[in-house]
J.: 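Handing you a structure now.
To find a chain, count down the sequence lines: A is the first, B the second, and so on, and within it residues start at 1.
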Amino acid sequence: MAPRAPKGTRDVLPAEGRVRAGVEAVSAEVMATHGFGRVVTPTFEETEVFVRGVGTATDIVRKEMYTFEDRGGRSITLRPEGTAPVARAYVEHGMHKLPQPVKLWYMAPMFRYEAPQSGRFREHWQVGAEAFGSDDPLLDAEMIALLAEIYARLDVPDVRLRISSMGDPDGRTAYREMLLAHLAPRADSLPRDARERMDENPLRLFDMKDDAVRTAMADAPLLLDNLGDAAREHHQRVLEALRLMGIPYEEDPSLVRGLDYYTRTVFEFTCDRLGAQSGIGGGGRYDGLVESLGGPAVPGVGFGTGVERITLALGDAAAGAPVVDAYLAAPEADIRMALMPVLRDLRRSGVRVEAGPAGKSLKAMMRHASSLGARHVIIVGPREHAEGLATIRDMTTGDQVEVPVGEVHVHVAAPGVDA
RNA sequence: GUGGGCGUAGCUCAGCUGGUAGAGCUCCUGGUUGUGGUCCAGGCGGUCGUGGGUUCGAGUCCCAUCGCUCACCCCA
């Protein structure tokens with residue numbers, strides 16, 4: 001059997017590659033206008049980065065990491081998420097001494113050992129941004145606005161924003177007791193995995209789709225109604241800023257992000273075109289993360305958005321055809337050889353030009369040029385070659401002109417390209 | 001990890017109650033001498049996921065196995 005791409009991985013072919021290039025370009029533009037600098041962290045980290053950063057109660061750390069021992073006996077893990085590594089780099093390079101906040105972004109692959117399904121892979125790419133060193137709620141709002149702007153510029157359809165607050169750690173501990181007290185008399189009606197989850201993180205029960213769980217949670221006290229004063233004030237400021245910027249949101253008390261590090265603001269963008277995995281991007285504030293990685297007590301806020309989910313939401317229509325300005329058709333091998341410098345010069349001057357392989361008939365080349373969508377075909381047969389000419393055919397009008405070979409670039413140049 | 005669906009040419013699929021493999025698209029070559037997109041003709045291309053079994057005979061039935069896919073869980 002011929003080898004295949006490993007389970008949960010995929011090959012991105014040129015049509016989709018063009019869409020991804022657009023995602024990256026738009027992200028880079030929007031990040032720049034918001035003052036974010038690009039970082040590239042290693043594809044793998046010491047396992048400790050994720051154990052301490054993401055938290056041992058999370059599914060990511062408990063059962064989804066690609067962890068192995070390298071030949072030097074170190075425990076290594078393929079990056080399952082982007083925030084912890086960037087926080088690690090922030091600490092490692094003493095970035096807390098730079099003017100705060102420090103704003104960083106990335107586009108990088110993530111690896112999680114999960115059962116693949118629509119929109120979920122074992123390797124996926126995320127565009128993410130992290131801002132360290134400020135607890136200003138307006139920074140949270142800016143992060144959300146930044147992500148919304150990326151979706152808007154890409155024309156991602158049917159995007160909705162849900163937002164909530166996880167409160168502060170002490171407040172969350174108190175709320176947790178309140179929630180457990182609510183659940184205790186109902187525990188018998190819950191399925192086993194729900195009861196197990198009660199011990200680890202009862203908040204997660206809000207995410208479950210099981211009917212028994214839903215009825216038990218229907219009248220449960222909400223974290224959002226039990227925030228401490230500071231967290232509540234923070235949350236209101238975030239919402240006010242969103243309103244001022246005209247960013248629609250739905251406050252959703254049941255929104256619980258599955259990473260332990262979140263504090264206060266949490267948000268998620270969903271897209272209805274995505275099927276069961278409707279989340280297209282999300283993030284929140286993580287005021288304890290840097291400290292848990294051995295750094296100073298520095299607050300932070302960030303998000304990640306899935307590149308595959310964006311391209312999935314955009315659909316096939318987003319994959320435009322490749323652009324070819326000109327097609328060089330020279331059936332005779334010797335002539336084709338003689339035109340190599342011409343081909344080079346055309347490309348050097350910015351013309352996107354394909355050349356038919358010698359040995360094919362002119363008819364075959366015309367067909368090829370047509371299927372590539374070439375705007376012009378440069379025909380050089382024995383007659384033209386003897387006189388130093390080239391025939392240029394406009395493929396949309398069918399008009400043909402003969403010009404000196406040296407002037408071909410003037411006639412086939414792409415709009416906006418100075419010849 | 002659990003459950004549903006599916007595995008036939010590069011792609012999308014057809015093959016009814018078992019008789020020894022097809023279509024469309026793509027690609028290639030032609031339709032007279034150097035010209036595309038339409039049309040016409042021809043051609044390339046498949047150990048019918050894999051391994052067993054039943055049968056005179058299996059793509060079609062049975063068993064196993066692998067893979068893909070969707071959903072749960074979780075997340076981007």
J.: Side-chain donor or acceptor of A:Gln126 under 3.5 Å from a matching atom on the base of B:C75?
T.: no
J.: Say we look at B:C11 and B:G1: how far apart would their C1' atoms be, to the nearest angstrom?
T.: 34 Å
J.: Measure from CD on A:Glu16 to C1' on B:C11 and round the result to the nearest Å.
T.: 17 Å
J.: Taking NZ, NE, NH1 and NH2 as the nitrogens, is one of them in A:Arg120 or A:Glu308 under 4.0 Å from a carboxylate oxygen of the other?
T.: no
J.: OP1 or OP2 of B:U29 sitting under 4.0 Å from any side-chain N/O of A:Lys360?
T.: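 Yes.
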J.: Quick one: do the A:Glu332 and A:His385 side chains pair a donor with an acceptor below 3.5 Å?
T.: no
J.: Could you write out RNA chain B as dot-bracket? Rules: Watson-Crick or G-U wobble, both distances under 3.5 Å, brackets [ ] for crossings, | for pairs with another strand, dot for unpaired.
T.: (((((((..((((.....[..)))).(((((.......))))).....(((((..]....))))))))))))....
J.: Run the numbers on A:Arg243 and A:Tyr249 for side chain to side chain contact (heavy atoms under 4.5 Å, CB included), then give the verdict.
T.: CA-CA 9 Å; A:Arg243 287 193 294 271; A:Tyr249 62 83; 2.7 Å; yes
J.: Using the P atom as the point on both nucleotides, what is the distance between B:G46 and B:U55, in whole Å?
T.: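 These two P atoms come out 32 Å apart once rounded.
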J.: On the side chain of A:Arg120, is there an atom forming a donor-acceptor pair with the base of B:C73 - under 3.5 Å, no angle test?
T.: yes
J.: B:G43 and B:G19: how far apart are their P atoms, nearest whole angstrom?
T.: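 Looking at atom P only, B:G43 and B:G19 are 26 Å apart.
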J.: Could you check whether the side chain of A:Arg383 and the base of B:G34 have a donor-acceptor pair of N or O atoms closer than 3.5 Å, going by distance alone?
T.: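 Such a pair is found, so the answer is yes.
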J.: Can you name the ring pair (Phe, Tyr, Trp, His ring centres under 6.0 Å) partners of A:Phe269, sequence neighbours left out?
T.: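 A:Tyr151.
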J.: What's A:Glu384 touching, base or sugar-phosphate or nothing? Going by heavy atoms closer than 4.0 Å.
T.: base
J.: Under the criterion side chain to side chain contact (heavy atoms under 4.5 Å, CB included), I'd like the reasoning laid out for A:Glu81 against A:Tyr261: C-alpha separation, chi angles, the key distance, then a yes or no.
T.: CA-CA 12 Å; A:Glu81 62 92 50; A:Tyr261 51 61; 2.7 Å; yes
J.: Separation of A:Asp399 atom CG from B:U35 atom C1', in whole Å?
T.: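 Going from CG in A:Asp399 over to C1' in B:U35 covers 14 Å.
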J.: Considering just the side-chain nitrogens and oxygens of A:Thr305, establish if one lies under 4.0 Å of OP1 or OP2 belonging to B:A76.
T.: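 It does not, given that no N or O in the side chain of A:Thr305 lies less than 4.0 Å from OP1 or OP2 of B:A76.
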J.: For B:G49 and B:A9, measure between their C1' atoms and round to the nearest Å.
T.: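 About 14 Å, rounded to a whole number of Å.
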J.: Taking OP1 and OP2 of B:C72, is either one under 4.0 Å from a side-chain nitrogen or oxygen of A:Gln117?
T.: yes
J.: Under 4.0 Å, heavy atoms only, any strand: does A:Gly128 hit a base, just the sugar-phosphate, or nothing?
T.: nothing
J.: Checking only heavy atoms, does the side chain of A:Arg393 share a donor-acceptor pair with the base of B:G36 at less than 3.5 Å?
T.: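 Under the 3.5 Å cut-off, the side chain and the base do form a donor-acceptor pair.
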J.: Between the side chains of A:Asp136 and A:Ser134, does any donor sit under 3.5 Å from an acceptor?
T.: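 Result is no, nothing qualifies.
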J.: Please give, in whole Å, the distance from B:C75 P to A:Arg309 CZ?
T.: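 For the pair A:Arg309 CZ and B:C75 P, the rounded distance is 11 Å.
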J.: Classify the ring geometry between A:Tyr262 and A:Tyr286 as parallel (under 30°), tilted (30 to 60°) or perpendicular (over 60°).
T.: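 Aromatic pair A:Tyr262/A:Tyr286 classed tilted.
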J.: With a 4.0 Å cut-off on heavy atoms, is A:Ile310 in touch with a base, just the backbone sugar-phosphate, or nothing at all?
T.: nothing
J.: Remember a base hit wins even if backbone is also touched, and classify A:Ala329 as base, sugar-phosphate or nothing at under 4.0 Å, heavy atoms.
T.: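 Nothing, no nucleic acid heavy atom in range.
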